[in-house]
There are 2 protein chains.
Amino acid sequence: MRKETSTNALNEKMINDGCGMALSMSVIGGRWKPAILCRLAYGTMRYGELKKAIDGISERMLVAQLREMEKDRIVQRIVYPEVPPRVEYQLTDLGRTMKPMLDAMSEWGNKYRDQIDAGSIELLSVGE
Amino acid sequence: MRKETSTNALNEKMINDGCGMALSMSVIGGRWKPAILCRLAYGTMRYGELKKAIDGISERMLVAQLREMEKDRIVQRIVYPEVPPRVEYQLTDLGRTMKPMLDAMSEWGNKYRDQIDAGSIELLSVGE
DNA sequence: CCGTATCCATGGTGATACTG
DNA sequence: CAGTATCACCATGGATACGG
């Protein structure tokens, strides 16, 4: 049996629906994980860089989401014992295997946005 | 500007992080959407069939998640005016364009599960 | 058969302030 | 610079009962 501690990192509820999709969702789901993953997909980033790059994120949430992804072994945290302190984050090897999935998601999302913006889809509720 | 009504159907918070990943997440995120999408990917299903197929889902949640995906135009609801009533659900054309993304997610999830089960990853906290 | 309505618990998230 | 610590909100989702 797999072990875990808290919150979202590997949500037991979702991992057993047969198809792996739910497992993927439990790893990349989370308010800010897509945004973080997008950045780390291009390489290593410092804590402060991530914070600046991701608009609107609080330190609390940035750290929380990074920690969860560390637990799930897709993100790696590297601490340089310097003054001032420096901490870098990057995808692990396992994290990098997500690339095709991440790309597929970005691509569909962008196409979907185009569809909506083109007005060919109304996304309901205009008169609600 | 895009319009929307409630809850999760197109979460404004998530759609503006530049990469389309977050948009995708806002459409397929949700406790039961992966499970539902997995089923509908193979074809049309009746309400009752979905309910039976997805273990543990309540009627409330099944309907709620289906309605959200209807709003987002990826799922189509077809009502047959018969007695007894019959309602079928299927992916829309737009919904079917998600196939590559869905497949990528399933594939990565399954590989990830293998990695974990193989013990090559410990998923933390064994001694926590 | 296919849902709605209602109530309620949980925890994910945000805001703010503080620390090594 | 890179985080912790606390508090509180409220949307998400669960259980149960009822309706066309």
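All values derive from a computational prediction rather than experimental measurement.
Across the interface with DNA chain D, nearest-nucleotide mapping of A:Arg67 and A:Pro84 shows A:Pro84 to be the residue nearer the 5′ end. Checking A:Pro85 against A:Gln65, the closest nucleotide of DNA chain C that is more toward the 5' end is the one next to A:Gln65.
At the phosphate of C:dC2, neither OP1 nor OP2 sits under 4.0 Å from any side-chain N or O atom of B:Arg77. For the pair B:Trp32 and D:dG14, the criterion of a side-chain N or O lying under 4.0 Å from OP1 or OP2 is met.
Between A:Ile36 atom CD1 and D:dA2 atom P the separation is 15 Å, expressed in whole Å. Distance A:Glu49 CD to D:dG3 C1': 16 Å, rounded to the nearest Å. Atom CD in B:Glu59 sits roughly 13 Å away from atom P in D:dA17 (whole-Å rounding). Atom CE of A:Met25 is separated from atom P of D:dT12 by 14 Å (rounded to the nearest Å). Residue A:Met45 contributes atom CE, which lies 15 Å from atom C1' of D:dC1 at whole-angstrom precision. A:Leu50 places its CG atom 14 Å from the P atom of D:dC1, with the value rounded to the nearest Å. For A:Met61 and D:dC7, the CE to P distance is 18 Å, given to the nearest whole Å. Regarding B:Glu70, its CD atom lies at a distance of 13 Å from the C1' atom of C:dC2, rounded to whole Å.
The residues A:Glu68 and A:Lys71 are annotated as not salt-bridged, no charged nitrogen and carboxylate oxygen being separated by less than 4.0 angstrom. Here B:Asp114 does not pair with B:Lys111 in a salt bridge; the nearest charged N to carboxylate O distance is not below 4.0 Å.
Backbone-only contact: B:Tyr89 has heavy atoms under 4.0 Å from sugar-phosphate atoms and none from a base.
The side chain of A:Val63 has D:dT4 as its nearest neighbour among D:dT4, D:dG14, C:dC2. Comparing C:dG14, D:dG3, C:dA5 by their closest approach to the side chain of B:Arg60 singles out C:dA5. Side chain of A:Arg31, nearest nucleotide from D:dG14, C:dT13, C:dC2: C:dT13.
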Is there a salt bridge (charged side-chain N to carboxylate O under 4.0 Å, His left out) between B:Arg67 and B:Glu70? Walk through the geometry before answering. CA-CA 5 Å; B:Arg67 292 289 182 276; B:Glu70 272 188 84; 3.4 Å; yes
Between A:Met25 and B:Lys33, does a side chain to side chain contact (heavy atoms under 4.5 Å, CB included) hold up when you go through it step by step? CA-CA 10 Å; A:Met25 290 291 313; B:Lys33 287 182 187 177; over 6 Å; no
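A cation-pi geometry, defined here as NZ or CZ lying under 6.0 Å from the six-membered ring centre and within 45° of its normal, does not hold between A:Lys51 and A:Tyr89.
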